[in-house]
Amino acid sequence: MERFFHSGRLWGEGPYPHFLILLNEHPAYRAYAEAHHGLLSGYPLGVVPAQWLHSTILGIHQRVSPDQMELLRCAARTELSAVAPCEVQLGPVWPGVTAITAAMYPEDGLAVLNARARAAAESVPGITLRPPEPRFWGHSTLAYALAGYYTWDVVEEFRLGSAGTSSGYTTAA
């Protein structure tokens with residue numbers, strides 16, 4: 001779990017826990033993103049550095065206590081331990097209101113991750129999630145509409161389908 005936005009970002013009263021798939025360990029996607037960085041850095045955007053490329057599976061848009069975080073970690077480990085890794089294709093890139101994103105297809109495996117992360121969060125007393133979208137939309141953000149400094153603190157990383165192994169598949173706060 002990682003802290004991603006600082007006080008000057010969209011969720012200034014955070015940090016909020018987020019479940020992320022870290023994409024920085026995939027050389028082909030790093031190259032794809034870096035090919036866009038030159039173009040995007042010419043605008044007043046917050047270009048996501050290659051080492052922080054990710055896909056958000058679920059954001060929890062409230063502060064959580066240390067006890068809630070521990071319950072969330074345990075619940076996430078249980079919910080996500082049986083999920084098999086999936087392959088996705090990234091692209092095309094398109095502009096949105098708040099970000100420049102790369103779509104991720106097929107969405108089925110990502111939707112499973114979202115549902116399991118939601119189940120973990122909903123099991124923790126006091127955590128309230130936004131209503132789910134009718135269909136989960138997998139994407140990776142290349143740049144945010146607000147320029148700024150990014151920071152996060154890793155709480156725990158674990159590989160899908162294996163409850164005891166660390167990898168680039170990460171839950172985040």
Could you tell me the separation between the [atom1] atom of [X] and the [atom2] atom of [Y], rounded to the nearest 0.5 Å?
X	Y	atom1	atom2	value
R30	Q51	CZ	CD	7.0 Å
F19	H54	CZ	NE2	14.0 Å
I127	M69	CD1	CE	8.0 Å
W52	T141	CH2	OG1	15.0 Å
Y144	L40	OH	CG	13.0 Å

Please give me the minimum heavy-atom distance between [X] and [Y], naming the atom from each residue.
X	Y	value
A50	E34	CB-OE2, 3.1 Å
Y32	G91	OH-CA, 3.5 Å
T128	Q62	N-OE1, 2.9 Å
L53	A33	CD1-CB, 3.6 Å

Between [X] (side chain only) and [Y] (backbone N and O only), is there a donor and an acceptor less than 3.5 Å apart?
X	Y	answer
R116	L80	no
Q68	P125	yes
E122	L129	no
E79	A121	no
N114	I57	yes
T101	S140	no

Exercise. Quick one: sort the H61 and Y16 rings into parallel, tilted or perpendicular, breaks at 30° and 60°.
Key: perpendicular
Report task. Give the cluster check for Y43 versus I100: same hydrophobic cluster or not, with ILVMFWY residues linked at side-chain heavy-atom distances below 4.5 Å. Result -> yes
Less than 4.5 Å apart, side chain to side chain, heavy atoms only: is that true for [X] and [Y]?
X	Y	answer
L90	L23	yes
I21	L113	yes
L72	V64	no
L110	F136	yes

